Visitor: 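Before anything else, here's the structure in question.
Just so you know, ligand 1 is whichever comes first in the structure, and atom 1 is the first atom listed for that ligand. Values reported hereafter were calculated over all heavy atoms of this structure, with side chains retained and with hydrogens, waters and symmetry mates removed. Remember, it's a predicted structure, so these values are computed and weren't measured experimentally.
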Amino acid sequence: MTINERLQHIRSAIDTACRANGRQPDEVRLLLATKTVEPEQIRQAFGKGMNYVGENKVQELKRKQPLLQADNVTFHFIGHLQTNKVKDVLRYAHCIQSVDRLPLAEALDRELQKQGRSMPVLLQVNTSYEESKFGISPEQAALLARQVSALGTLQVQGLMTIGLFSAEEARVRQCFRRLAAIRAQLSELDLPNTRMDELSMGMSGDYEAAIAEGATMVRIGTALFGERVYPDTYYWNENTSL
Ligand SMILES: *Cc1c(COP(=O)(O)O)cnc(C)c1O
């Protein structure tokens, strides 16, 4: 199958999942998770309107961004972000989905203050409680949201999570349900600089379940571009660099 055929398939599965859950297909955006994928292939998955690309590594984002910028692309950063990389990520990304700790938020804020601008972000929550996954714990999400909202330069647009990797759909869905519940709880707080609109959840193996639980953005890589050589933990680990 070509990338384009796979894309058609995924789009129709998204539509079906939306309709099955009483949602409109345009409520769910498709973010292309493009780690290890080269620009020529990424471009094959682009549509006519705005294209959403998610990268995990700052180096990779930096390399590919100039090659894709003519294609009306919005770049989201979805990987674990080290504090010493904030300058570059702010230069190349339009949204950072992986804000998961106060020191990182503060480092982003300091740089943004210097530059006199703001940045849309999502807070990453570790809804599966797996140690291998990054993200603030569900219990501490409200505190982090308060702290980030007080900084002033980070515009919190919602939440992001990586679901449990499991064949047991009920347990995977529980992660997504948890994220939706946290969003509802945080919306009540009416925090400044905060709009709890986005729920970025769902990947190749679980996006239909995520849509059923309210995802507004699904992040899809393998189902579009094929298997990657490196395991995902490589991309989620703080101490690896490409
Ligand atoms: C790789 C990645 C995805 C996409 O995963 P697939 O299973 O390949 O669809 C989504 N989100 C994050 C944070 C990722 O690192």
Visitor: Report yes or no: is the cationic atom of Lys57 (NZ for Lys, CZ for Arg) under 6.0 Å from the centre of the six-membered ring of Phe77, at an angle within 45° of the ring normal?
Guide: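 Lys57 over Phe77 ring: no.
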Visitor: With a cut-off of 4.0 Å, which atoms of ligand 1 are near a heavy atom of Lys35?
Guide: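 In order of numbering, the contacting atoms are 1 (C), 2 (C), 3 (C), 14 (C), 15 (O).
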Visitor: Under the side chain to side chain contact (heavy atoms under 4.5 Å, CB included) test, which residues partner Pro25, sequence neighbours left out?
Guide: Asp15, Cys18, Arg19
Visitor: Using a 4.0 Å cut-off to any heavy atom of Arg219, which atoms of ligand 1 qualify?
Guide: 4 (C), 9 (O), 10 (C), 11 (N), 12 (C), 13 (C)
Visitor: Between Asn126 (side chain) and Tyr129 (backbone), is there a donor-acceptor pair under 3.5 Å?
Guide: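 Side chain of Asn126 to backbone of Tyr129: a pair is present.
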Visitor: Taking a cutoff of less than 4.0 Å between a non-hydrogen atom of the residue and any ligand atom, is Gln97 in contact with ligand 1?
Guide: no
Visitor: Would you say ligand 1 has an N or O under 3.5 Å from any N or O of Ile78?
Guide: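 Min N/O separation from ligand 1 is not below 3.5 Å for Ile78.
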Visitor: In terms of relative ring orientation, are Phe75 and His94 parallel, tilted or perpendicular, with 30° and 60° separating the classes?
Guide: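 Parallel, since the angle between the ring planes stays under 30°.
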Visitor: Please identify which atoms of ligand 1 are closer than 4.0 Å to at least one heavy atom of Asn56.
Guide: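 Listed by number with element: 14 (C), 15 (O).
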Visitor: Could you see which bit of Thr222 sits under 4.0 Å from ligand 1, with heavy atoms only: side chain, backbone, both or neither?
Guide: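 It is both parts that get close, each with some atom under 4.0 Å.
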Visitor: With atoms numbered from 1 as shown, which atoms in ligand 1 lie under 4.0 angstrom from a non-hydrogen atom of Ser204?
Guide: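 Selected atoms, number and element: 6 (P), 7 (O), 8 (O), 9 (O).
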Visitor: Identify the two heavy atoms, one from Arg117 and one from Leu90, that lie closest to each other, and give their separation to 0.1 Å.
Guide: NH2-O, 2.7 Å
Visitor: Under 4.0 Å from a heavy atom of Ile220: give me the atoms of ligand 1 that qualify, with their elements.
Guide: 9 (O)
Visitor: In ligand 1, which numbered atoms sit nearer than 4.0 Å to a non-hydrogen atom of Arg228?
Guide: 1 (C), 5 (O), 6 (P), 8 (O)
Visitor: Could you give the side-chain donor-acceptor pairs of residues 142-149 under 3.5 Å, partners two or more places apart or in another chain?
Guide:
{"unit_1": "Ser149", "atom_1": "OG", "unit_2": "Ala145", "atom_2": "O", "d": "3.2"}
{"unit_1": "Ser149", "atom_1": "OG", "unit_2": "Arg146", "atom_2": "O", "d": "2.9"}

Visitor: Short list, please: which atoms of ligand 1 are under 4.0 Å from a heavy atom of Ala33?
Guide: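 By the 4.0 Å cutoff, the relevant atoms are 3 (C), 4 (C).
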Visitor: Do you reckon Leu67 sits in the same ILVMFWY cluster as Leu32, going by side-chain contacts under 4.5 Å, direct or chained?
Guide: no
